[in-house]
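The next block holds one structure in the form of structure tokens; read it before the comments.
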Amino acid sequence: MGVEDVIGTPAAAKQVFGERLPLAERFTAMLAEHGVARGLIGPREVERLWDRHVLNSAVIGERINTAARVADVGSGAGLPGVPLAIARPDLDIVLIEPMARRVDWLTEVVDELDLSSVTVVRGRAEEKAVLAVAAERDVVTARAVAPLAKLAGWCLPLVRTGGTLLALKGSSAAEEITRDRLAVTKAGGGEATVAECGGGLLEVPTTVVLIPRVSPEKKRRR
């Protein structure tokens, strides 16, 4: 019995990935086979890779416009960037990751799956070299990276005015927005809102915080 048989493929995956489902299955199998040993996921995550990680990441495409330019900050195991790229090949995606061993993993995944719309960049979001490659993005995504206050400071400089920071969060998203409102405003963000993705597909929909990037002029008027 192979890894694919152990973790299975849920029906929702076929709806989310369509004809690109084999790529999603291959990525999930790679994570199941190598993720724990390479420090990408915990051992308890293998049996719930689809719902908790792969589908959870892919469904945020509901909130991203066609042909958008996306940066995924702190991509790590490739979440949410890789499932998003598989589900939405129209997107131009940069995976940003500071750790060399994770960059190696991301590069292997991109090559293995032949994700021609994806670029891997080593560095931190706030570094000049990263800004030079990934600035002025329509959407910046982040998953389990940091509290909203820090996340806004790192990610919003990469978002074009009028674009959106899309942060995957848990059940405390609303409380986090209230707590970190001032920091988000100082970082150039507008009014944050909470939304769900994957309703009707996932048993537990993905909770996201959406923060628009506002212009300095608009921010001063507020």
Could you pull out the closest heavy-atom pair between [X] and [Y], with the gap in Å?
X: Ala152; Y: Pro157; answer: O-CD, 3.8 Å
X: Ala58; Y: Val16; answer: CB-CG1, 3.7 Å
X: Ala142; Y: Leu151; answer: CB-CD1, 3.7 Å
X: Val184; Y: Gly190; answer: CG1-O, 4.0 Å
X: Asp51; Y: Pro10; answer: OD1-CG, 4.3 Å
X: Val46; Y: Ala32; answer: CG1-CB, 4.0 Å

| query | Just how far is it from atom CG of Leu49 to atom CE of Met30, taken to the nearest 0.5 Å? | reply |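 Taking CG in Leu49 and CE in Met30, the distance rounds to 12.5 Å.
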| When rounded to the nearest 0.5 angstrom, what is the spacing between CD in Glu126 and CD1 in Ile96? | 10.0 Å
| query | Do Ile41 and Val36 pass the side chain to side chain contact (heavy atoms under 4.5 Å, CB included) test, and can you show the C-alpha distance, the side-chain angles, and the key distance before you say yes or no? | reply | CA-CA 5 Å; Ile41 58 172; Val36 176; 4.0 Å; yes
Could you pull out all donor-acceptor pairs under 3.5 Å where a side-chain atom in residues 163-170 meets a protein atom, sequence neighbours excluded?
residue : atom : partner : partner atom : Å
Lys169  : NZ   : Ala146  : O            : 2.8
Lys169  : NZ   : Glu176  : OE2          : 2.8

| Under 3.5 Å: donor-acceptor pair, side chain of Trp50, backbone of Leu55 | no
| How would you list, by chain and number, every residue that makes a salt bridge (charged side-chain N to carboxylate O under 4.0 Å, His left out) with Glu45, sequence neighbours excluded? | Arg48, Arg52
| For Arg38, what residues pass the salt bridge (charged side-chain N to carboxylate O under 4.0 Å, His left out) criterion, not counting sequence neighbours? | Glu108
| field | side-chain hydrogen bond (donor to acceptor under 3.5 Å, both in side chains) pairs, two or more places apart, involving residues 57-81 | value | Asp72-Ser75, Asp72-Thr141
| For residues 10-19, which residue pairs qualify under side-chain hydrogen bond (donor to acceptor under 3.5 Å, both in side chains), counting only residues two or more places apart or in two chains? | none
Please list every donor-acceptor pair under 3.5 Å in which a side-chain atom of residues 195-212 meets a protein atom from a residue at least two apart or in another chain.
residue : atom : partner : partner atom : Å
Thr206  : OG1  : Asn56   : O            : 2.8
Thr206  : OG1  : Asn56   : ND2          : 3.1

| Counterpart residues, side chain to side chain contact (heavy atoms under 4.5 Å, CB included), relative to Ala135 (two or more places apart) |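 With sequence neighbours excluded, Ala135 shows a side chain to side chain contact (heavy atoms under 4.5 Å, CB included) to no residue whatsoever.
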| Val159: partners by side chain to side chain contact (heavy atoms under 4.5 Å, CB included), with sequence neighbours left out | Val140, Leu156, Arg213
Is the shortest heavy-atom distance from the side chain of [X] to the side chain of [Y] under 4.5 Å?
X: Leu95; Y: Val82; answer: yes
X: Leu40; Y: His34; answer: no
X: Leu23; Y: Phe17; answer: no

| task | Enumerate the residue pairs fulfilling salt bridge (Lys or Arg N to Asp or Glu O under 4.0 Å) with a member in residues 85-106, sequence neighbours excluded, ordered by first and then second residue. | result | Arg88-Asp90, Asp92-Arg137
| Which salt bridge (Lys or Arg N to Asp or Glu O under 4.0 Å) pairs, counting each pair once, include a residue from residues 138-164, with sequence neighbours left out? |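 Applying salt bridge (Lys or Arg N to Asp or Glu O under 4.0 Å) to every pair that reaches into residues 138-164, excluding sequence neighbours, yields Asp138-Arg160.
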Please tabulate, for side-chain N and O atoms in residues 116-125, each donor-acceptor pair with protein atoms closer than 3.5 Å (sequence neighbours left out).
residue : atom : partner : partner atom : Å
Ser117  : OG   : Leu91   : O            : 3.3
Arg122  : NE   : Pro98   : O            : 3.0

| Any chain of hydrophobic side-chain contacts (each under 4.5 Å) joining Leu158 to Val133? |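 Yes, it is one cluster - the side chains of Leu158 and Val133 are joined through contacts under 4.5 Å.
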